[in-house]
Amino acid sequence: QVQLVESGGGLVQAGGSLRLSCAASGSIDSINTMGWYRQAPGKQRDFVASVTNGRSTIYADSVKGRFTISRDNAKNTVLLQMNSLKPEDTAVYYCEADHRWKIGVNYWGQGTQVTVSS
């Protein structure tokens, strides 16, 4: 019912910045919390940041002070501003959305590659 498409990934040197975007379509009125996860090759998919429909935010300790998540409900988009990037931030970044009333229902985007060189 919900489709998520990420964009904005790329190659950047350590200390640089990138901005990721996630565009939602379909049954967007069913979306509650949205967030970002990342997965490095051979690793588990880890939580990065999330923002509720009421704009409350949560960040993983590894990105606090460097990343900023924001949400524009009118445009059905979620942004992740990534500053002071480190090589360990290299991963495929995935957009995620939780259903408002169907517990345990989640939607995922296809992912966008972020590569940070040393």
Side-chain angles (χ1 to χ4, degrees):
Q1 291 182 305
V2 175
Q3 296 79 47
L4 305 174
V5 179
E6 304 96 333
S7 62
L11 175 64
V12 65
Q13 291 186 339
S17 299
L18 287 173
R19 186 178 70 176
L20 306 183
S21 298
C22 174
S25 61
S27 301
I28 56 176
D29 58 339
S30 67
I31 296 174
N32 189 18
T33 299
M34 297 187 68
W36 291 91
Y37 289 70
R38 65 187 182 186
Q39 187 171 23
K43 304 294 184 180
Q44 293 290 111
R45 186 172 297 185
D46 295 325
F47 170 79
V48 176
S50 67
V51 56
T52 69
N53 204 39
R55 307 297 195 275
S56 297
T57 59
I58 300 175
Y59 296 92
D61 289 340
S62 59
V63 305
K64 286 181 179 177
R66 300 189 298 120
F67 292 7
T68 302
I69 188 170
S70 60
R71 185 171 184 171
D72 187 340
N73 287 336
K75 296 182 178 180
N76 303 316
T77 59
V78 173
L79 304 177
L80 185 68
Q81 179 65 46
M82 309 165 65
N83 299 326
S84 301
L85 284 163
K86 305 174 181 179
E88 49 264 45
D89 295 319
T90 296
V92 176
Y93 283 69
Y94 296 91
C95 183
E96 183 268 347
D98 299 332
H99 201 281
R100 283 185 176 180
W101 61 86
K102 294 182 179 180
I103 187 169
V105 175
N106 305 92
Y107 306 98
W108 293 92
Q110 83 288 347
T112 184
Q113 177 70 48
V114 171
T115 302
V116 184
S117 62
S118 59

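When a residue number appears, it is its place in the shown sequence, counting from 1.
One hydrophobic cluster, built from ILVMFWY side chains closer than 4.5 Å, cannot hold both V5 and I31; they sit in different ones. V48 and L79 are not part of a single hydrophobic cluster, where members link through side-chain heavy atoms under 4.5 Å apart.
Q110 contributes atom CD, which lies 11.5 Å from atom CD of Q3 (distance to the nearest 0.5 angstrom). The line from CD1 of I103 to CG of N32 is 11.5 Å long, rounded to the nearest 0.5 Å. With rounding to the nearest 0.5 Å, the separation of OG in S118 from NZ in K86 is 14.0 Å. To the nearest 0.5 angstrom, N76 atom CG is 9.0 Å from R71 atom CZ. One finds the OH atom of Y107 at 6.5 Å from the OG atom of S27 (value rounded to the nearest 0.5 Å). Atom CG of L18 and atom CD of Q81 lie 8.5 Å apart (nearest 0.5 Å).
Minimum interatomic distance between A91 and A40 (heavy atoms only, all atoms of both residues): CB-N, 3.8 Å. Between L4 and A97, the shortest heavy-atom contact is CD1-N, 3.8 Å. Residues S84 and S17 share a closest heavy-atom pair of N-OG, 4.3 Å.
Judged by distance alone, with hydrogens and angles left aside, the side-chain atoms of R45 form no donor-acceptor pair with the main-chain N or O of R38 at under 3.5 Å.
Side-chain atoms of T90 and Q113, non-hydrogen and from C-beta on, do get closer than 4.5 Å to each other. With contacts defined as side-chain heavy-atom distances shorter than 4.5 Å, the pair L20/E6 does not qualify. Contact of the V116 side chain with the M82 side chain is not registered, since no non-hydrogen atoms from C-beta on lie closer than 4.5 Å.
Applying the ring-ring contact (aromatic ring centres under 6.0 Å, His included) rule to pairs touching residues 37-57 yields Y37-F47, Y37-W108, sequence neighbours excluded. Within the structure, every pair that satisfies the ring-ring contact (aromatic ring centres under 6.0 Å, His included) test and touches residues 60-99, not counting sequence neighbours, is listed here: H99-W101. Among residue pairs with one or both ends in residues 4-36, none qualify as ring-ring contact (aromatic ring centres under 6.0 Å, His included); sequence neighbours excluded.
Paired with T115 under the rule side-chain contact (heavy atoms from CB on, under 4.5 Å), one option of V12, L85, L11, D89 passes, and it is L11. The side-chain contact (heavy atoms from CB on, under 4.5 Å) with D98 is formed by just one residue from the set T52, N53, T33; it is T33.
Within 6.0 Å of CZ on R19 lie no more than 12 heavy atoms contributed by other residues, nucleotides or ligands.
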Just do the side chain to side chain contact (heavy atoms under 4.5 Å, CB included) check on K102 and Q1 with the steps written out, would you?
-> CA-CA 12 Å; K102 294 182 179 180; Q1 291 182 305; 3.9 Å; yes
